[in-house]
A.B. asks: 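Let me give you the structure first, and then I'll get to my questions.
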Amino acid sequence: MAQVGIYEKALPKNITWKERFSLVKEMGFDFIEMSIDETDERLTRLDWSEEKIFQLRSEMFETGVRINSICLSGHRRFPFGSSDPQKQKIAKEIMKKAIQLAHKLSIKVIQVAGYDVYYEKKSMSSREDFIEGMKESVKEASKYGVILSVEIMDDPFMNSISKFLEIKEQIHSPYLQVYPDLGNLSAWPENDPARELEKGIDCITSIHLKDTYPVTEEFSGQFRDVPFGAGCVDFLGLLKNLKRLDYDGTFLIEMWSEQSQDFQFEIQQAKKFLYPKLKEAGYDVA
């Protein structure tokens with residue numbers, strides 16, 4: 001049976017973790033992906049007390065719903081490639097704390113945002129500093145058996161699996177892998193998404209499912225809040241491709257409906273669109 005999860009930001013923001021776990025179970029998902037983004041509020045999760053972590057573990061066992069991965073996008077604000085040494089230092093601290101948190105919560109995968117920098121100008125130095133930061137991070141993660149999985153992004157720096165593999169060739173470790181987003185992969189005109197998946201199949205830990213509007217000469221693309229089926233992603237074709245490649249990892253529905261009054265309806269609509277395509281591609285889903 002294929003394991004399908006939901007992104008934390010698809011669920012209401014101001015509820016307890018136990019309520020989140022219960023919602024995930026009620027809506028028929030296997031797991032949740034936690035967000036540690038660039039906001040102060042979510043970055044403080046990296047400093048949770050031992051008591052808080054124990055409580056969270058207890059609630060996971062009680063509800064039977066796990067946190068399968070951490071979406072660590074805090075590096076948008078504090079990137080490895082920053083020209084500011086203080087931000088580079090914070091970036092490394094963020095990663096070390098995230099690895100420790102994942103270890104304590106028995107989370108297997110930390111999704112790393114594939115940005116050298118986000119709010120700064122890119123340069124050769126920003127690329128070099130990103131690679132060095134990742135090398136250090138992979139060494140730290142390997143001590144605890146935590147996998148760092150780089151997401152294919154809405155940014156030219158890491159918008160294809162081919163670009164990830166160029167980095168992978170320089171960091172030889174099973175603890176550095178890739179987390180393709182079918183929407184991000186499909187939005188860039190230079191990509192052939194099916195061939196990209198074929199190139200990287202041995203390194204894929206999980207798949208993000210979302211739709212996007214494509215990048216064109218006149219349009220910078222849209223990478224969030226695109227209704228499923230309205231964008232450029234050939235979901236059935238890519239899911240068939242993954243099935244042929246014997247991909248049996250997890251799928252994560254990525255949505256940002258945490259402020260919506262109709263979040264349950266929106267999530268169920270996503271399931272109604274995606275689940276038949278997963279089944280037609282040969283995946284067994286509930």
A.B. asks: Once rounded to the nearest 0.5 Å, what's the spacing between atom CE of M255 and atom CD of Q269?
C.D. replies: 9.5 Å

A.B. asks: Indicate the ring-plane relationship of Y275 and F29, choosing parallel, tilted or perpendicular according to the 30° and 60° boundaries.
C.D. replies: perpendicular

A.B. asks: Please evaluate residues K108 and I147 with respect to the criterion side chain to side chain contact (heavy atoms under 4.5 Å, CB included), reporting the C-alpha separation (whole Å), side-chain torsions for both, the decisive distance (0.1 Å), and the verdict.
C.D. replies: CA-CA 6 Å; K108 305 172 184 68; I147 295 170; 5.8 Å; no

A.B. asks: Check the surroundings of atom CD in Q170: do more than 12 heavy atoms from other residues, nucleotides or ligands lie under 6.0 Å from it?
C.D. replies: yes

A.B. asks: Taking C-beta and beyond as the side chain, do E266 and S260 meet within less than 4.5 Å on heavy atoms?
C.D. replies: yes

A.B. asks: Just wondering, are more than 12 heavy atoms of other shown residues or ligands nearer than 6.0 Å to CZ in R195?
C.D. replies: no

A.B. asks: Given the rule in the ring pair (Phe, Tyr, Trp, His ring centres under 6.0 Å) test, do F235 and F273 qualify, once you have shown the distances and angles that lead to the verdict?
C.D. replies: CA-CA 10 Å; F235 285 100; F273 176 84; 5.6 Å; yes

A.B. asks: Using atom types as modelled, flag every donor-acceptor pair under 3.5 Å from a side chain in residues 276-286 to any protein atom, sequence neighbours excluded.
C.D. replies:
{"unit_1": "Y283", "atom_1": "OH", "unit_2": "K243", "atom_2": "N", "d": "3.3"}
{"unit_1": "Y283", "atom_1": "OH", "unit_2": "Y247", "atom_2": "O", "d": "2.7"}

A.B. asks: Do we see a donor-acceptor contact under 3.5 Å between the side chains of S162 and K199?
C.D. replies: yes

A.B. asks: In this structure, are over 12 heavy atoms from other groups packed under 6.0 Å from K89 atom NZ?
C.D. replies: no

A.B. asks: Going through the checks in order, is the ring pair (Phe, Tyr, Trp, His ring centres under 6.0 Å) test met by W256 and F263?
C.D. replies: CA-CA 9 Å; W256 292 266; F263 75 93; over 10 Å; no

A.B. asks: What's the spacing between I15 CD1 and F21 CZ if we round to 0.5 Å?
C.D. replies: 10.0 Å

A.B. asks: Taking E258 for its side chain and A10 for its backbone only, find out whether a donor-acceptor pair lies under 3.5 Å.
C.D. replies: no

A.B. asks: Can a donor-acceptor pair be found, under 3.5 Å and without considering hydrogens, that links the side chain of D155 to the backbone of F157?
C.D. replies: yes

A.B. asks: Got more than 12 heavy atoms from elsewhere within 6.0 Å of CZ, F61?
C.D. replies: no

A.B. asks: Quick one: do the N68 and E33 side chains pair a donor with an acceptor below 3.5 Å?
C.D. replies: no

A.B. asks: Is there a donor-acceptor contact under 3.5 Å linking the side chains of T39 and D37?
C.D. replies: yes

A.B. asks: Cation over ring, R20 on W17, under 6.0 Å and within 45°?
C.D. replies: yes

A.B. asks: Would you check if there is a donor-acceptor pair between the side chains of E59 and Q55 at a distance under 3.5 Å?
C.D. replies: yes

A.B. asks: Looking at R224 and E254, does any basic side-chain N land under 4.0 Å from a carboxylate oxygen?
C.D. replies: no

A.B. asks: In this structure, is the centre-to-centre distance between the rings of Y115 and H75 below 6.0 Å?
C.D. replies: no

A.B. asks: Report the residue from K122, K163, R76, K121 that forms a salt bridge (Lys or Arg N to Asp or Glu O under 4.0 Å) with D116.
C.D. replies: K122

A.B. asks: Can the ring centres of F54 and W48 be said to be less than 6.0 Å apart?
C.D. replies: no

A.B. asks: Looking only at the side chains, is there a donor atom on one of E8 and S35 sitting less than 3.5 Å from an acceptor on the other?
C.D. replies: no

A.B. asks: Could you tell me if S22 and T63 have a donor-acceptor pair between their side chains, going purely by distance under 3.5 Å?
C.D. replies: no

A.B. asks: Could you verify whether a donor N or O on one side chain and an acceptor N or O on the other, from N159 and E190, lie under 3.5 Å apart?
C.D. replies: yes

A.B. asks: L238 and S186: which non-hydrogen atoms are nearest, and at how many Å?
C.D. replies: CD1-OG, 3.8 Å

A.B. asks: If you compare all heavy atoms of L252 against all heavy atoms of G5, which two are closest, and at what distance to 0.1 Å?
C.D. replies: CD2-C, 3.4 Å

A.B. asks: Checking Y118 against E38: is there a side-chain donor and acceptor pair closer than 3.5 Å?
C.D. replies: no

A.B. asks: Regarding S126 and E120, do their side chains bring together a donor and an acceptor under 3.5 Å, going by distance alone?
C.D. replies: no

A.B. asks: Can you give me the closest heavy-atom contact between K168 and L176, atom names plus distance?
C.D. replies: NZ-O, 2.6 Å

